[in-house]
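Below, read A as the first sequence line, B as the second, and so on, with proteins coming before strands; counting in each chain starts at 1.
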Amino acid sequence: MTFEGLQRRARDEWQALSESAVPLIQVGTATCGRSAGASAVVDALREALQREATPALIMEVGCIGLCFAEPLVTIRKPGRPAVCYGHVNPERATQLVSEYLLRDNPLADWALGTVGEGRIEGIPELFETPVLRPQVRRILRNCGFIDPTNILHYVARGGYTGLVRALGMARGQIIDEIRRAGLRGRGGAGFPTWRKWQFCLEAPGEPKYVVCNADEGDPGAFMNRSLLESDPHSVLEGLLIDGYTVGAREGYIYCRAEYPLALERLHNALAQMREQGLVGENILGSGFSFDIHIKEGAGAFVCGEETALLASIEGRRGMPRPRPPFPATSGLWGKPTVINNVETLASVSLILQKGAEWFAEYGSEKSKGTKTFALVGKVKRAGLIEVPLGITLRDIVYGIGGGILGDKRFKAVQTGGPSGGCLPEALLDSPVDYESLTTAGSIMGSGGMVVMDEDTCMVDVARYFLDFTQKESCGECVPCRLGTKQMMDILTDITEGKGREGDVELLQEVALAVKKGSLCGLGQTAPNPVLTTIRYFRDEYEAHEQGRCPSKVCKALIRYRIVADKCKGCQICLRACPVGAISGERRQVHTIDVGKCIRCGVCLEVCPARFGAVECVTGQ
Amino acid sequence: MKTLRLTIDGVTVTAREGMSVLEAALEAGIYIPHLCHHPDLKPVGVCRLCLVEIAGRGMTISCKTPVEEGMVVKTESPDIELARRVAVELLIVNHHADCLSCAKDGACKLQEIARYVGIEEERLQRLRRTTRSLPVDSSNPFFLRDPNRCVLCGICVRTCEEIVGASAIDYAFRGYATVISTLGNRPIVQSRCESCGECVARCPVGALVPRQERNPAREVRSVCAYCGVGCGLYLGVRGNQVVRVRGAAESPVNRGRLCVKGRYGHGYIGHPERLTTPLIKRDGRFVEASWDEALDLVAARLAGYRGDQFAALTSARCTNEENYLLQKFTRAVMGTHNIDHCARL
Amino acid sequence: MHDRIDAILSSYGRDRANLIPILQSVQAELGYLSEEAMLRIADYLGVPESQVYGVASFYAQFRFTPTGRNRIMVCRGTACHVRGAPRILDEIQQVLNIREGETTSDMEYTLETVACIGCCALSPCMMINREVYAKLTPTKVREVFSKGGQEQ
């Protein structure tokens with residue numbers, strides 16, 4: 001079939017769906033939706049529809065990014081805008097069928113907003129709500145709106161026109177287009193994408209390879225997972241354009257094994273591409289032949305580092321090697337190789353579909369376009385967001401995120417995962433772009449953004465990250481293997497009240513040596529969480545040295561106790577205590593045996609809020 | 001080969017194209033600390049100790065940086081000093097602490113580097129010392145493997161792969177848990193290890209040490225007496241006893257390499273049961289005899305045989321001249337082509 | 001067991017690039033990687049067995065001892081950490097009386113931690129087999145295991 005033929009079929013199917021005479025019910029069943037219970041919601045909807053004998057289409061879609069409100073269900077009745085409902089459980093699902101589908105009561109209280117033309121009384125427009133208004137949905141344009149297992153949906157919304165356009169262009173022209181768009185690598189370091197491509201194109205040696213890095217390992221980040229689960233073709237199209245431009249015949253997608261659904265969606269998408277002649281020999285009759293292999297990671301964070309990733313594809317230990325030579329000249333099996341991140345490739349598709357100028361409309365001078373972030377942690381509206389680069393952290397945390405959970409006090413926002421840093425309140429008004437974040441001691445990273453509040457201990461956070469990096473260090477080079485372990489040991493001592501005088505200075509010294517001496521990016525950036533927490537939260541380190549954990553997190557420095565005049569002697573805590581550390585007769589004031597107590601905090605959790613008789617204390 | 005000129009610490013140095021900055025410096029007599037570099041092996045750049053600063057490029061490792069014409073190299077700077085000092089200190093606090101009981105004491109690269117960097121006890125005291133203690137592999141009769149003294153430079157792994165071709169060992173696990181291991185961390189004798197000792201000879205620290213070896217008083221250049229290859233070696237001698245054998249790097253035959261027999265199989269030289277005179281069987285028992293007596297007896301007995309009644313076996317351990325003579329004797333004197341040899345004789 | 005391994009091996013080319021996929025398939029079949037299996041893989045691919053072990057031990061996914069019928073994976077992602085993951089792990093260890101990396105004596109559960117399962121917005125969370133349990137508290141953990149988490 002020609003591409004025009006495919007487009008016609010896609011448009012017809014999309015139109016039929018949009019003008020469907022029966023209601024269309026979309027349920028977000030990406031991993032986050034499923035973990036919130038979306039599968040049970042789908043079952044409940046099916047059952048209710050059958051019981052009421054009412055016709056409706058159920059379509060499973062990806063993630064729209066409003067994770068805080070999962071599971072999400074969107075219902076579009078003919079002639080009405082679609083209504084997006086949040087926090088749907090099986091009971092609510094059944095009610096939506098009986099109330100909205102049968103009785104035309106849109107249950108406005110449960111609705112988050114409407115999508116599409118027209119309004120419904122009492123329900124705001126979804127994209128005008130505070131969580132979405134500051135966002136610019138480009139990369140995520142299809143997420144949550146199309147069926148990710150159906151290539152026609154992607155094509156109907158402009159998909160693969162970027163590839164078709166690229167196939168009619170000279171390689172130099174494509175690279176120039178990417179250059180004018182100002183696209184920089186979305187994996188973290190922000191290297192100009194066009195330059196990587198140019199190096200590879202000019203490098204001697206055949207064959208050449210292109211690789212999509214989908215080994216999203218930063219704890220606290222899931223942008224790539226969502227995109228692959230919700231709109232896999234947008235990434236695959238970018239990989240094809242990448243391959244065509246640098247003169248490769250083969251491409252790899254290296255996706256981590258912890259993302260089973262993303263892998264499933266990729267395999268499915270690839271099979272569909274094959275059916276449509278979008279991958280394989282002589283793609284769309286252009287003479288360009290290209291094949292894609294999907295490689296499943298095996299659980300190693302360091303494989304996000306590009307030379308380690310290549311070693312892993314080759315069937316070796318994922319150990320990075322010194323650069324130069326860079327992969328663009330000597331990569332996979334020693335051949336010129338371009339490695340691009342998932343979001344970078346999705347941006348490439350968009351640039352070729354819509355043009356460089358369109359892409360560069362948003363962003364700051366040196367950081368063009370939009371960027372997705374996983375906004376998580378102690379924030380009210382956690383989720384997947386897409387914002388123009390240059391937006392301030394405050395707009396993200398307080399605007400989109402709606403502020404801190406329980407209206408507690410903001411303490412820090414962590415960007416860039418284990419390679420990034422913790423930025424304090426004073427930096428909330430700095431713009432989010434590659435340069436500003438680096439100046440602040442953090443990095444843009446792949447897009448994890450973890451919000452921390454007054455209950456988060458920054459020394460514990462530093463220890464957490466170093467525990468992570470020392471476990472994930474490949475162990476090859478001395479500074480990283482021993483330096484991260486050393487920093488973790490020192491931080492463990494500090495959080496256990498066993499810190500020694502001069503430990504903070506020692507940490508800084510070791511951190512600097514690891515940063516300067518390590519072989520790869522993992523080691524060179526691993527000290528960032530330590531250095532930024534010392535830089536911005538030194539008072540917390542000092543408090544720990546004096547035996548206090550101000551956020552009451554570090555177990556060795558806290559105690560639970562029962563406030564005598566609040567305790568009603570109800571025995572709830574006594575029964576819940578897993579180690580039998582609480583004693584006391586009914587209606588008598590209870591006491592906690594500090595020696596037995598393992599500081600699990602269950603007593604505080606179960607003590608009825610109206611009593612509030614258990615408290616956590618630190619110091620003395 | 002093209003020669004290039006570069007400047008190291010202000011000294012103009014000549015190097016050949018393709019050399020690394022580290023090699024060029026060492027050849028010119030300029031020391032740069034290094035642990036994972038070995039002249040016989042490909043560089044990997046993992047110890048991160050051979051740091052230098054190159055004008056226009058900043059700090060980098062010298063073992064993986066090829067020399068270039070006009071390059072300006074500095075081997076000292078505050079950044080190099082910090083990164084290297086901390087790395088060495090970390091190696092030391094994660095290393096077995098008792099140097100005197102170590103067979104490598106005095107010949108240890110880590111000691112050499114520590115002396116160069118200058119270790120201060122107060123600085124070491126601040127660091128957290130390892131509490132880990134891993135079992136020593138003493139399964140091999142010729143050498144010990146002690147992971148507690150290992151610095152994970154990978155020289156043994158690369159030797160076994162690049163030089164020996166056995167790959168009996170590799171890195172296993174990762175991060176701080178990384179060890180050099182056989183499959184399933186089995187004892188080394190249960191692996192493909194040929195006990196050639198090439199790794200032991202190259203180990204820069206006390207992680208791989210020979211079991212029965214003492215430092216010799218002097219060395220004697222010789223040729224291995226085992227097989228026909230004729231590997232050059234040095235017999236290390238104390239008094240009149242051979243206490244160590246090492247390959248002669250300058251020998252074009254083996255370029256310093258030896259096999260298990262050549263390296264470790266020298267016990268027979270001073271063995272009390274070694275034959276030192278010919279033996280002739282008289283009345284059912286062997287008695288010592290002189291060479292003249294023995295040769296006369298053999299000649300007298302051979303006179304009774306000719307042609308295919310006779311066969312000779314020679315050995316690859318003999319010299320070419322000796323083998324030539326025996327085949328000549330077999331064919332011309334005894335009148336038969338029944339001659340063969342075996343390398344193990 | 002040899003037949004099962006050989007059947008897997010024959011579906012792959014004798015190419016080192018297939019080492020990790022083969023290890024994954026063999027583990028999926030046997031539940032873990034035995035030394036025997038690794039020797040056979042090494043032999044098939046012509047890769048030294050020390051290197052097969054080197055690769056297998058590098059990646060967190062591979063195990064060298066049999067695991068329980070149900071795999072618990074506690075997320076140690078950042079979002080989970082700041083929202084109480086350490087307490088969740090403590091609680092599971094307490095309830096099942098095993099440490100991270102261990103298997104219960106009845107072979108019912110193996111407890112592991114994973115870098116991040118990408119459900120950060122619903123933290124803290126864990127996976128039992130392929131099922132994700134979100135927004136956990138120590139009390140919820142007790143409920144899950146008192147009901148027998150694997151059946152849900």
Spatial distance of atom [atom1] ([X]) from atom [atom2] ([Y]) [nearest 0.5 Å]:
X	Y	atom1	atom2	answer
Tyr59(C)	Cys303(A)	OH	SG	4.0 Å
Arg16(C)	Glu314(A)	CZ	CD	9.0 Å
Leu122(C)	Cys67(A)	CG	SG	6.5 Å
Arg463(A)	His81(C)	CZ	NE2	7.0 Å

Problem - chain A contacts, top residue of Thr137(C), Asp15(C), Val95(C), Val82(C) (heavy-atom pairs, under 4.5 Å) - result: Val82(C)
Side chain from CB out, backbone as N, CA, C, O: work out which of these in [X] comes under 4.5 Å of a heavy atom of chain C, or both, or neither.
X	answer
Ser39(A)	neither
Leu405(A)	side chain
Leu375(A)	neither
Asp467(A)	neither
Ala36(A)	both
Arg599(A)	neither
Val553(A)	neither
Phe468(A)	both
Ala221(A)	backbone

Handout entry: CZ (Arg575(A)) with more than 12 external heavy atoms under 6.0 Å
Key = yes
Practice task
Using side chain to side chain contact (heavy atoms under 4.5 Å, CB included) as the criterion, point out the one residue from Gln94(C), Glu91(C), Arg142(C) that pairs with Val602(A).
Solution key: Glu91(C)
Handout entry: Student check: side-chain heavy atoms of Ser312(A) and Ile20(C) closer than 4.5 Å
Key = yes
Practice task
Report yes if the side chains of Gln61(C) and Arg256(A) come closer than 4.5 Å at any heavy-atom pair, otherwise no.
Solution key: no
Handout entry: Main-chain N/O of Gly54(C) paired with Arg317(A) side-chain donor or acceptor, under 3.5 Å
Key = yes
Handout entry: Any donor-acceptor pair under 3.5 Å from Arg316(A) side chain to Val55(C) backbone
Key = no
Problem - N-O pairing of Glu472(A) and Arg76(C) below 4.0 Å - result: yes
Given heavy-atom pairs under 4.5 angstrom as the criterion, report whether the side chain, backbone, both or neither of [X] touches chain A.
X	result
Pro86(C)	neither
Gln51(C)	neither
Thr139(C)	both
Arg87(C)	side chain

Practice task
Quick one: which of Gly417(A), Gly448(A), Cys474(A), Gly315(A) has the most heavy-atom pairs under 4.5 Å with chain C, could you say?
Solution key: Gly315(A)
Practice task
Please test Lys555(A) against Asp90(C) for salt bridge (charged side-chain N to carboxylate O under 4.0 Å, His left out), starting from the C-alpha separation and ending with a verdict.
Solution key: CA-CA 12 Å; Lys555(A) 279 190 173 183; Asp90(C) 283 352; 2.4 Å; yes
Exercise for the section: Take Gln414(A) and Thr78(C) through the side-chain hydrogen bond (donor to acceptor under 3.5 Å, both in side chains) test and state the conclusion after the steps. Expected result: CA-CA 9 Å; Gln414(A) 208 279 345; Thr78(C) 320; 5.4 Å; no
